[in-house]
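One structure is given here, and the rest of the page talks about it.
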Amino acid sequence: MSLNFWKPGTAGPGSNLDRASEKEENVVPYALQNSYLSIQRQQEQLPIFKHREKLLYCLEKYGVIIVVGQTGCGKTTQLPQYLLQAGWANDGRVIACTQPRRIAATSVASRVADEVGTKLGDEVGYTIRFEDVSSKENTRILYMTDGMLFRETLVDPLLSRYSVVMVDEAHERSVYTDLLLGILRKIRKKRPSLRIIVSSATLDATKFLDYFAQGSSPDECTIVSLEGRMYPVEVAYLSEPTPDYVQKAAEVVWNLNLQKGPGDILVFLTGREDINRCLQELSDMLPTLPANATRLIPLPLHAGLTTDEQLNVFQSAAPGTRKVIISTNIAEASVTIDGVKFVIDGGFVKIRVYNPTTTLASLTTVPISVASATQRAGRAGRTAPGICYRLYPMTTFNTLPQTTSPEITRTDMTTPILQLKSLGVNDLMKFDWVSAPPAETVLRALEGLHAAGMIDEHGKLTPIGEQVSECPVEVGIARMLFRSKDMKCGEEILTIAAMTSVQDVFVIPDGGAAGALAELERRKFTAEEGDHFTLLNAYNAFTRYGRSSGWCKSHAMSFRAMSRAVSIRSQLKKYMQRFNLPIESCEGDSKRLARCLVSGYWRNAARWAPDGTYRSVRGNMVLHVHPTSVLFTRKSRTGWVIFHEMEETTKTQIRVLTEIEPEWLLDHGHAYNEKRKEQE
DNA sequence: GAGCACTGC
């Protein structure tokens, strides 16, 4: 089998898997950017030390600093410590450092607590949803998720207890990072003493600088560049495009294993299906592996795996073997595996895209960005120099977008906009977004908020909207929680709200006997009324049988998801108590419970059609029931259903359904009535 | 009779 990489035959004996020459700058854009050979000789010294005085000086002089540096340059752990030593946390003030992910906030906090020599939760702490390991009196450096700090602005609009806020990994552009940056810019106008540090990868630095420089004096912001602590990574490209990058990935793994020295391999593909196919290709080839060759240990890595399965990829390979981790994008930023020396980059990623016209979300496979490709390549240089093989030609690389579009431009904004309203941002078109969401997304969100009674016709928050904005659930679900007071079913609605907020409660193994068995287990919880009641049954069974992981395993349920549901339920329970909503049981009155569900889902109603699909009441769209629904195999007895969500795949599918009486829809809004008039 | 990248409050 032959591999045509860029500039074949320039290195290595008889190899057609040769890498691009390091000296030709056109050929190795990544390696040139990231060759820090001097650091290899002096590994004990973090380059960030050299910038300590400069950073502190800039922070005195400027209000906003954009700090640029690759992962591993120490900014996340070191910078807050410099600020602490320089007195930025004196007089009871706090230095905040935000992260897009929970795992980063907790692990970094624990490491910094060690370095500072304090107990975690004392001088150094963290705050993430469900976990607050910090002390109001003693904590000086607080790591937190960006969503958590954004939420804090609802309570303390000037973030008055913080002296410095460092927004880390800002280049990832999560919705909450963007919202937080927008609010921070507003806060600085009212409280210039607040210092902001935005930490980002190279490509986005000027975007952030321009954003904060707008409307303020030019001396306000500056960029500080830090050196990375990466090993050089060479990059090789295919000489021509491949029709099948999954098969190509398997080929490259195979040849790499025969031709290169030790080091694990990390392969980036788009999803579970690609990963399984690649694993299959490899295992088909394994019997032909020469007896003296390094053994290959292929391992899948994606979010659908159980925690145990995910942990497999961290076990170091036995002597004479080589791990091949075949992964989704999860290994690009969320999961770091040491010992990887070779990266194979398929060049694609699946992203979720929201279409405001149809209000449909879909998963789409798109080419990655330059930033993403750089990040992936960097995964090969964490512990030693490495090589990255890109399964596309350099001409393709040159056409890639610089960055992935920010999440805020491709997601439903209903909940964030309610929160912004609560913060006093009334004119959303005039709000200074880092990147604005599409106008139609904003309109759709306002329309939804109005229909749900959260804002009035002038766009002003209603009293219930004010309360719901504090609640960490979707607007419809929050509506159900409030409605449960009249319907006397708070106990059950609370559980359903929690269960619909977690994904993948039921484990669905890949096909075969295991899949059939899991299906049988799932059916044990089936309720005639539909999926919401089935989720309720599953939750109640989980708590009745001691909330154990063993029980979950034998009933094909995810212990992780169920534990999360328990946490969410207890958090929502506190909100209900705060809002004086009683937590009563409906005592088995399923009609009352289903009616309460309609109060949250009435915009998601659908009617059975003779061809076995449903038609949405809003928009008359053709909707297919998702195969995981208990209403997949049988029709709703009344012919009417409400559903939790719809998503576009090969067709438009609805998930988590409950059958309803059409009359129940009359209690809510006008959409149903109009539709009915049309049909009659 | 079908599949689902990844976060977050």
Side-chain angles (χ1 to χ4, degrees), chain A residues 98-105 127-132 144-155 169 172-180 268-276 301-305 327-335 346 348-353 361-366 368 372 404 406-408 410-411 415-416 418-419 422 468-475 477-478 498 501-511 515-516 518-519 564 567-568 571-572 574-575 612-613 624-629 631-634 645 647-655:
Chain A
T98 71
Q99 299 291 324
R101 281 174 292 280
R102 296 159 54 95
I103 182 82
T127 306
I128 59 177
R129 189 180 184 187
F130 311 130
E131 268 179 78
D132 182 8
M144 58 209 302
T145 45
D146 42 23
M148 211 59 198
L149 187 59
F150 178 70
R151 188 154 281 276
E152 194 168 333
T153 62
L154 292 174
V155 186
E169 313 286 356
E172 288 190 24
R173 304 295 304 275
S174 77
V175 170
Y176 282 114
T177 304
D178 271 26
L179 290 171
L180 186 60
F268 284 102
L269 298 177
T270 59
R272 185 158 146 171
E273 199 183 325
D274 278 1
I275 289 169
N276 288 341
L301 177 63
H302 54 81
L305 299 175
S327 172
T328 61
N329 221 27
I330 194 171
E332 191 179 299
S334 307
V335 174
F348 289 94
V349 67
K350 266 187 198 173
I351 57 168
R352 207 182 162 81
V353 181
S362 60
L363 277 170
T364 316
T365 301
V366 296
I368 57 169
S372 213
T404 312
E407 192 188 0
I408 204 165
R410 48 184 170 82
T411 192
T415 304
L418 179 66
Q419 289 167 337
S422 171
V468 167
S469 71
E470 293 174 44
C471 251
V473 284
E474 286 163 39
V475 168
I477 308 283
S501 302
V502 298
Q503 305 123 341
D504 305 319
V505 169
F506 296 105
V507 177
I508 302 168
D510 289 313
E519 167 98 36
R564 198 172 154 80
S567 300
I568 295 176
Q571 191 188 35
L572 294 179
K574 284 184 198 143
Y575 280 98
T613 61
H624 297 259
V625 178
H626 196 273
T628 51
S629 169
L631 289 175
F632 180 68
T633 46
R634 63 178 182 83
E645 60 185 353
E647 196 175 54
E648 200 173 18
T649 54
T650 46
K651 52 197 175 194
T652 304
Q653 289 182 326
I654 47 177
R655 248 187 297 204

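In what follows, chains are A, B, ... by sequence order, proteins preceding strands, each numbered from 1. For the numbers below, each heavy atom of this structure counts, side chains included, while hydrogens, waters and symmetry mates do not.
A:Phe130 comes within 4.0 angstrom of no nucleic acid atom, judged by non-hydrogen atoms across all strands. Backbone-only contact: A:Ile330 has heavy atoms under 4.0 Å from sugar-phosphate atoms and none from a base. If you check every strand for non-hydrogen atoms under 4.0 Å, A:Gln653 touches sugar and phosphate atoms only. At a threshold of 4.0 angstrom between heavy atoms, the contacts of A:Arg129 include nucleobase atoms, whether or not backbone atoms are also involved.
Per the geometry, CG belonging to A:Asn329 stands 16 Å off P belonging to B:dC4, to the nearest Å. Rounded to whole Å, atom P of B:dT7 lies 13 Å from atom NE2 of A:His302. Between A:Arg151 atom CZ and B:dG8 atom P the separation is 14 Å, expressed in whole Å. In this structure, the CZ atom of A:Phe506 is 16 Å from the C1' atom of B:dC4, given to the nearest Å. If you take CG of A:Asp504 and C1' of B:dC6, they are 12 Å apart, rounded to a whole angstrom. Look at CD on A:Glu474: it is 18 Å from P on B:dT7, rounded to the nearest Å. Rounded to an integer number of Å, the gap from NZ of A:Lys350 to P of B:dC6 is 10 Å. Rounded to whole Å, the distance from CG on A:Leu305 to P on B:dA5 is 10 Å.
In the set B:dG8, B:dC6, B:dA2, the nucleotide with an atom closest to the side chain of A:Lys651 is B:dA2. The side chain of A:His626 lies closest to B:dC4, out of B:dC4, B:dC9, B:dT7. Closest contact between the side chain of A:Thr649 and the listed nucleotides B:dA5, B:dG3, B:dC9 involves B:dG3. Listed candidates were B:dA5, B:dC6, B:dG8. Nearest to the side chain of A:Arg272 is B:dA5. For A:Tyr176, counting side-chain heavy atoms from C-beta on, the closest listed nucleotide (B:dT7, B:dC4, B:dG8) is B:dG8. With B:dG1, B:dG8, B:dC4 as the choices, the nucleotide that has an atom nearest any side-chain atom of A:Glu519 turns out to be B:dG1.
Between A:Thr365 and the phosphate of B:dA5, there is no side-chain N or O to OP1/OP2 separation shorter than 4.0 Å. One finds a side-chain N or O of A:Thr328 lying less than 4.0 angstrom from the OP1 or OP2 phosphate oxygen of B:dC6. The phosphate of B:dC9 has neither OP1 nor OP2 within less than 4.0 Å of any side-chain N or O from A:Thr415. A:Gln99 has no side-chain polar atom (N or O) that falls below the 4.0 Å cut-off from OP1 or OP2 of B:dT7. Side-chain nitrogen and oxygen atoms of A:Arg655 include none within less than 4.0 Å of the OP1 or OP2 phosphate oxygen of B:dC4. The phosphate of B:dG3 (OP1 or OP2) has a side-chain N or O of A:Thr650 nearer than 4.0 angstrom.
Of the possible polar contacts, none joining the A:Arg352 side chain to the A:Ala361 backbone as a donor-acceptor pair under 3.5 Å is found. Side chain of A:Glu407 to backbone of A:Val175: a donor-acceptor contact under 3.5 angstrom is found. In this structure, the side chain of A:Tyr575 does not engage the main chain of A:Ala478 through any donor-acceptor pair within 3.5 Å. Not a single donor-acceptor pair under 3.5 Å links the side chain of A:Arg564 to the backbone N or O of A:Ala498.
Every residue two or more places apart in sequence or in another chain that forms a side chain to side chain contact (heavy atoms under 4.5 Å, CB included) with A:Asn329 is listed here: A:Glu332, A:Val349, A:Arg376. Under the rule for a side chain to side chain contact (heavy atoms under 4.5 Å, CB included), the partners of A:Glu648 that lie at least two apart in sequence or sit in another chain are A:Leu360, A:Ser362, A:Thr652.
The 5' end of DNA chain B is approached more closely, in terms of each residue's nearest nucleotide, by A:Ala303 than by the other of A:Cys471 and A:Ala303.
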